[in-house]
Amino acid sequence: MAAEAKAPLLEGRRSGAGATPAQTIGNIVVSIVGTGVLGLPYAFRNAGWLAGALAVAGAGAATFYCMLLLLECRDKLREQEEAEVEEQHGHQHRCCNYTYGDLGEKCFGKAGRYFTEATIILSQSGGTVAYLVFIGQNVSSVFSGAGLSPATVVLALLLPIQAALSFIRSLSSLAHFSILADACTVLAVATVVKQDVELLSARGAPPLAGRSAVTDPRGVAFAAGFAVFCFEGFCMTLALEASMSDRTRFRPVLSHAIAGVTAVYACFGAAGYLAYGDATMDIVTLNLPNTLSSAAVKVAMCVALALTFPVMMHPIHEIVEARLLGWLRMHQHGGGGLAERAALQASRVALVAALCAVACFVPAFGAFASYVGSTVCALLSFVLPALFHLRVVGCAGAGASKRAVDWAILGFGLAFAAHGMYTVVARRH
């Protein structure tokens, strides 16, 4: 899932500039698009080219609508707070920007904030573990002759590097790594598309020949979960809107960005499946031929992702350190100083080590990404926005049709998450 610093142009907002519509589109795309795109052909293999495209389109539309719900909740809460301040003090007061956790607290108190932040941590942790699994599988495929397993790559190579990088606390020092990672993702996508076109041209048959349009319901559910995972960066919505110099233009900018990403996802997933068919692997770069150029693309992308891993970890560190700092200051007598900083850094290393350990037990990138998308990402992207909207706007006179849509999204999100949990439990038994 995406960190706040995955949109480095947000830094301009702090200096009073504000992002232009073009910059905001770039920020949205950078926040959403990640390694998940390279697993979409495998999701289409499980669902079929038509069902996969519909799953991606549905996930994109639902994500966009729930982003609007989140913005509407923020606007309503801001109006209420400004009205209260004006009534009490007789003057207008501009309220500060709300975070996702702030909305949770405004709607359901401290418990709402804790649950929202816990969901963000789980969602972001799922994204970071997917990064580790992705790097491990690709590196082991490049150096298959050396007998490196993905777990060995994660523990022997990634863990020491990420533990060292966790000492870099400045987001401005890390932001350019995110841009490098996205450039490498574009390079990998372009390489895969080139290979897809060559294979489809060499088939000597219509592209749809021998390819399923719709498979079984389990495959469609798998693709839907994976599609939700691919629309990462949901908790960036409020920050992205706040970064614009003209906030009134954010909604059309958001719609254009989401529509563009959805179209690219659908085309890329379908093309990969049509090219490789049932041989499509859960990370499509593993389908590339064992050439020097393909190996270079894989290694470049893995290096970029390894460097941007600390950026993905930032929201997790931020939430955990805030809680840890409060606990330390509550239980210690006197100043924190060096001991406090050491405890915070130790928490960073411990979190990195824990996620690396989890990654060693993940059997496959595709199945794990679908599980994360259909559980915690569904809660974060659908359930919480609908719940917040019912609490804030539904109680303030929203129409019956709008409340019905909120309840439908809430019910679907809960059912989707329950199905994801059931699938995992059923597979283990």
Side-chain angles (χ1 to χ4, degrees), residues 1-4 63 66-85 95-128 228 232-239 242 313-331 344 347 350-351 354 371-398 402-403 405-421:
M1 310 290 80
E4 289 186 10
T63 299
C66 289
M67 283 178 167
L68 296 184
L69 293 184
L70 213 58
L71 293 171
E72 192 173 347
C73 289
R74 192 277 320 276
D75 291 343
K76 179 62 69 173
L77 288 171
R78 181 178 287 168
E79 289 174 9
Q80 293 173 355
E81 188 171 337
E82 288 176 351
E84 290 175 2
V85 172
C95 299
C96 61
N97 295 317
Y98 290 114
T99 65
Y100 209 159
D102 293 335
L103 289 185
E105 184 171 2
K106 289 286 184 180
C107 293
F108 298 102
K110 288 292 185 182
R113 174 180 285 278
Y114 294 149
F115 183 80
T116 302
E117 291 183 346
T119 307
I120 292 173
I121 289 176
L122 289 174
S123 175
Q124 202 71 19
S125 296
T128 55
V228 173
E232 58 178 291
F234 188 89
C235 55
M236 283 290 298
T237 306
L238 300 176
M313 287 293 298
H314 175 72
I316 303 174
H317 291 317
E318 194 172 46
I319 294 172
V320 171
E321 288 181 358
R323 301 298 168 210
L324 178 59
L325 196 60
W327 185 87
L328 288 173
R329 291 178 177 174
M330 182 184 301
H331 291 81
L344 294 179
S347 73
L351 285 170
Y371 165 68
V372 173
S374 60
T375 52
V376 289
C377 287
L379 291 176
L380 192 67
S381 302
F382 306 139
V383 173
L384 289 181
L387 203 58
F388 293 169
H389 196 260
L390 282 168
R391 182 79 168 184
V392 175
V393 182
C395 296
K402 204 155 193 175
R403 288 198 300 272
V405 173
D406 287 346
W407 280 110
I409 292 174
L410 179 61
F412 171 78
L414 289 172
F416 195 45
H419 177 268
M421 290 295 298

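Nothing here was measured: the structure is a model prediction, and the numbers come from that model.
- Taking the side chain as every heavy atom from C-beta outward, E72 and D75 never approach each other to under 4.5 Å.
- Summarising the geometry of V392 relative to C107, their closest heavy-atom pair is CG2-SG, 3.3 Å, with the distance given to 0.1 Å.
- Atoms CG and OG, on L70 and S381 in that order, are 10.0 Å from each other to the nearest 0.5 Å.
- Nearest heavy atom pair, residue I409 against residue C66, reads CG2-SG, 3.9 Å.
- One N or O on the side chain of S347 and one on the backbone of L344 form a donor-acceptor pair closer than 3.5 Å.
- The minimum heavy-atom distance between C377 and V228, with the atom names listed, is CB-CG1, 3.8 Å.
- When all heavy atoms of A378 and G413 are compared, the closest pair comes out as CB-O, 4.3 Å.
- Distance alone, capped at 3.5 Å, is enough to place a donor-acceptor pair between the Y100 side chain and the L380 backbone.
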Quiz prompt | Test side-chain hydrogen bond (donor to acceptor under 3.5 Å, both in side chains) applied to Y98 and E81, step by step | solution = CA-CA 12 Å; Y98 290 114; E81 188 171 337; 2.4 Å; yes
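- The backbone N or O of G104 lies less than 3.5 Å from no partner atom in the side chain of R113, so there is not a single donor-acceptor pair.
- The backbone N or O of T119 lies less than 3.5 Å from no partner atom in the side chain of S123, so there is not a single donor-acceptor pair.
- Taken from CD1 in I120 to CD in E117, the straight-line distance is 6.5 Å, to the nearest 0.5 Å.
- Summarising the geometry, atom CG belonging to L324 is positioned 13.5 Å from atom CD1 belonging to I319; distances are rounded to the nearest 0.5 Å.
- Put simply, NZ on K76 and CG on L103 are 14.0 Å apart, with the number rounded to the nearest 0.5 Å.
- Taking NZ of K106 as the start and CD of Q80 as the end, the distance is 9.0 Å to the nearest 0.5 Å.
- At least one donor-acceptor pair under 3.5 Å links the side chain of D102 to the backbone N or O of T99.
- In this structure, V383 and F416 have side chains that are not in contact, with every pair of non-hydrogen atoms separated by 4.5 Å or more.
- Closest heavy-atom contact between M313 and L351: CE-CB, 4.1 Å.
- With rounding to the nearest 0.5 angstrom, the CG atom of L387 is 8.5 Å from the CG atom of L414.
- At least one side-chain heavy atom of F388 sits less than 4.5 Å from a side-chain heavy atom of F108.
- You'll find the side chain of S125 reaches within 4.5 Å of the side chain of I316, heavy atoms only.
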